[in-house]
Amino acid sequence: MTRLNTELLPFSEQSAKKAAEIMAAGGGVGIPTETVYGLAADARNEAAVRSIFEAKGRPQDNPLIVHISAREQLPPLVREIPELALKIAEKYWPGPLTMIFPKSDMIPAATSGGLDTVAVRMPESPAARAIIDACGFPLAAPSANLSGSPSPTYCTIIDCMAVGYAIDPTLVETRKCRCGVESTVLCFPAADRVRILRPGGVTAEMLSELCQADIDPAVTSEPPKGAKVMSPGMKYKHYSPKAEVFIVNAHGKQFGDWCMSHAAEGTLALSADPVEHGMFRCFGRDTAEQAHRLFALLREADDEGAKTIYVEMPSKEGIGLAVYNRLLRAAAFRVIEV
Ligand code: TXA
Ligand code: MG
């Protein structure tokens, strides 16, 4: 692993300004958001965006989300805004929600992964918003992990070096990310409905208050090989620690007993039970806590040298669907029926 001289800046107006200067000059900066940390660059700058793909080892056909800090910044990025998008933005922006629109010429093909659409999100994190404000231009920011690994939900210098980027970004730091899983991504297949391509903090239940919210089949199952998926990110193995992850479809004592009888050297078990002992780690008692802790636990499991991780099946309600979606990909779709 290359040792990086990443500069860590505690969040302040001053560091927002410095981050803006770096990005205006075509550089990349690690930024905190309420979902996960992002690795940001000027969304309009093709070369800057390419360096982000390179730093992450990200496939070039996987488009980036463009981050804005005010609703007036949306129209120049897109060719069309459905009425329903305005209604949803009114209620859930700023927040962990990304919407897909036909893109304008302002967005280069590098940012949109060659697609004719652009995904836009307005984060609620004050630090992210202050950085976007200081820039005065939209920021393309994928999650700050290396492509395929668990997303970073808190950053320390160690964490950042462990990421092993090919470039040396400056990092603006705040406290842990509130949500812990990435934003909900949706598109508009018809005037009165949305399709959820990636579940997140703005849940299907929350969207159902405004319109019909369909869940794309790729959210909960493996897309057939070679199938065209609506969101390129869904076809890649994702969020994986070095250990092999398995979801175990059991709860409480049944989960605990199953893990005990299948444990070997290097086995960890993530359970909803708050009592931690032996190989058992508390994954969180409810869906919000599980979302908040998921990626940190997967990263910590790597630090502990875990070889196998068994995870208690999460609830699929609310933000639980996002937890299940990320776990399925971390587990390469392996679910053990007990
Ligand atoms: O919470 C988040 O969304 C974080 C923070 C940093 O804002 N960002 C994030 O970005 O999760 P990333 O690059 O890790 O995931 C973006 C997802 C990918 O699955 C990608 O395929 C999808 O959004 N996506 C982006 N643009 C798209 C488009 N035009 N059409 C369909 N899917 C798109
Ligand atoms: Mg990501």
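Whatever order the structure lists them in is the order used to number ligands and atoms, beginning at 1.
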Open item on the list: Before you tell me yes or no, could you show the steps for E317 and T287 under side chain to side chain donor-acceptor pair (under 3.5 Å), namely the whole-Å CA-CA distance, both residues' side-chain angles and the distance that decides it to 0.1 Å?
Closed with: CA-CA 8 Å; E317 305 278 302; T287 51; over 6 Å; no
TODO: Please report the C-alpha distance between Q212 and S208 in whole Å, then the side-chain angles of each, then the deciding distance to 0.1 Å, and finally whether the side chain to side chain donor-acceptor pair (under 3.5 Å) criterion is met.
DONE: CA-CA 5 Å; Q212 183 169 329; S208 299; over 6 Å; no
- [ ] Take E46 and V49 through the side-chain contact (heavy atoms from CB on, under 4.5 Å) test and state the conclusion after the steps.
- [x] CA-CA 5 Å; E46 186 122 31; V49 167; 5.9 Å; no
TODO: Would you check, one step at a time, whether the test side-chain contact (heavy atoms from CB on, under 4.5 Å) holds for V338 with N249?
DONE: CA-CA 6 Å; V338 172; N249 192 10; 5.8 Å; no
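Taking atom 25 (C) of ligand 1 as the reference point, the nearest protein heavy-atom neighbour is P63 O, 3.3 Å. For atom 12 (P) of ligand 1, the closest non-hydrogen atom on the protein side is S143 N, 3.7 Å. Nearest protein heavy-atom neighbour of atom 17 (C) of ligand 1: R198 NH1, 3.6 Å. Considering only non-hydrogen protein atoms, atom 19 (O) of ligand 1 sits nearest to G233 CA, 3.3 Å. For atom 32 (N) of ligand 1, the closest non-hydrogen atom on the protein side is S231 OG, 3.0 Å. Among protein heavy atoms, the minimum distance from atom 30 (N) of ligand 1 is reached at I100 CD1, 3.4 Å. When hydrogens are left out, the protein atom nearest atom 16 (C) of ligand 1 is I65 CD1, 3.6 Å; that is the closest non-hydrogen contact.
A donor and an acceptor atom, one from each side chain of S183 and R198, are located under 3.5 Å apart. Between the side chains of S271 and D273, no donor-acceptor pair is found at a separation under 3.5 Å.
The side chain of R58, and not its backbone, has at least one atom closer than 4.0 Å to an atom of ligand 1 (non-hydrogen atoms only; side chain from C-beta on). The part of A141 lying near ligand 1 is the backbone, judged by heavy-atom distances below 4.0 Å.
Applying the side chain to side chain donor-acceptor pair (under 3.5 Å) test between T33 and each of E124, R121, H67 identifies R121 as the sole match.
Listed by chain and number, the residues in a ring-ring contact (aromatic ring centres under 6.0 Å, His included) with F246 are Y310 (sequence neighbours excluded).
Look at S112 and you'll find every heavy atom at least 4.0 Å from all atoms of ligand 1. The shell of residues lying under 4.0 angstrom from ligand 1, judged by heavy atoms, excludes K103.
With R334 contributing its side chain and A331 its backbone, the two residues share a donor-acceptor pair below 3.5 Å. No donor-acceptor pair under 3.5 Å is formed between the side chain of K307 and the backbone N or O of E244. Judged purely by atom type and a 3.5 angstrom limit, R299 has no side-chain atom pairing as donor or acceptor with the backbone of D303. In this structure, R71 contributes its side chain and I68 its backbone to no donor-acceptor pair below 3.5 Å.
Ligand 1 has a nitrogen or oxygen under 3.5 angstrom from a nitrogen or oxygen of T35. When only interatomic distances are considered, the shortest N/O to N/O separation between N62 and ligand 1 falls below 3.5 Å. In terms of polar-atom proximity, defined here as any N/O pair under 3.5 Å, H67 does make such a contact with ligand 1. Looking at ligand 1, you won't find any N or O of Y37 less than 3.5 Å from one of its N or O atoms. In terms of polar-atom proximity, T117 is counted as a contact of ligand 1, with an N or O under 3.5 Å from an N or O of the ligand.
Close contacts between ligand 1 and L115 involve ligand atoms 28 (C), 29 (N), 30 (N) [criterion: under 4.0 Å to a heavy atom]. Atoms of ligand 1 lying under 4.0 Å from any heavy atom of E182, numbered from 1 in the order shown and given with element: 1 (O), 2 (C), 11 (O). Within ligand 1, the atoms closer than 4.0 Å to a non-hydrogen atom of P142 are 10 (O), 12 (P), 13 (O), numbered from 1 in the order shown. Atoms of ligand 1 lying under 4.0 Å from at least one heavy atom of P232, given by number and element, are 21 (O), 31 (C), 32 (N). For ligand 1, the atoms lying closer than 4.0 Å to a non-hydrogen atom of M230 are 31 (C). Distances below 4.0 Å separate heavy atoms of S183 from the following atoms of ligand 1: 1 (O), 2 (C), 3 (O). In the vicinity of G38, heavy-atom distances shorter than 4.0 Å reach the ligand 1 atoms 6 (C).
Criterion: ILVMFWY side-chain heavy atoms under 4.5 Å apart, direct or through other members. Under it, F101 and Y92 are part of a common hydrophobic cluster. The cluster map of Ile, Leu, Val, Met, Phe, Trp and Tyr, joined by side-chain heavy atoms under 4.5 Å apart, puts V118 and I81 in the same cluster.
Nearby protein atoms of type N, O or S around the Mg ion (ligand 2) amount to 1 (distance under 2.8 Å).
Annotation for D116: atom CG counts as buried by contact number, over 12 foreign heavy atoms lying within 6.0 Å. Heavy-atom contacts from other residues, nucleotides or ligands closer than 6.0 Å to NZ of K91 number more than 12.
Using a 4.0 Å cut-off between charged nitrogen and carboxylate oxygen, R195 and D214 do not count as a salt-bridge pair.
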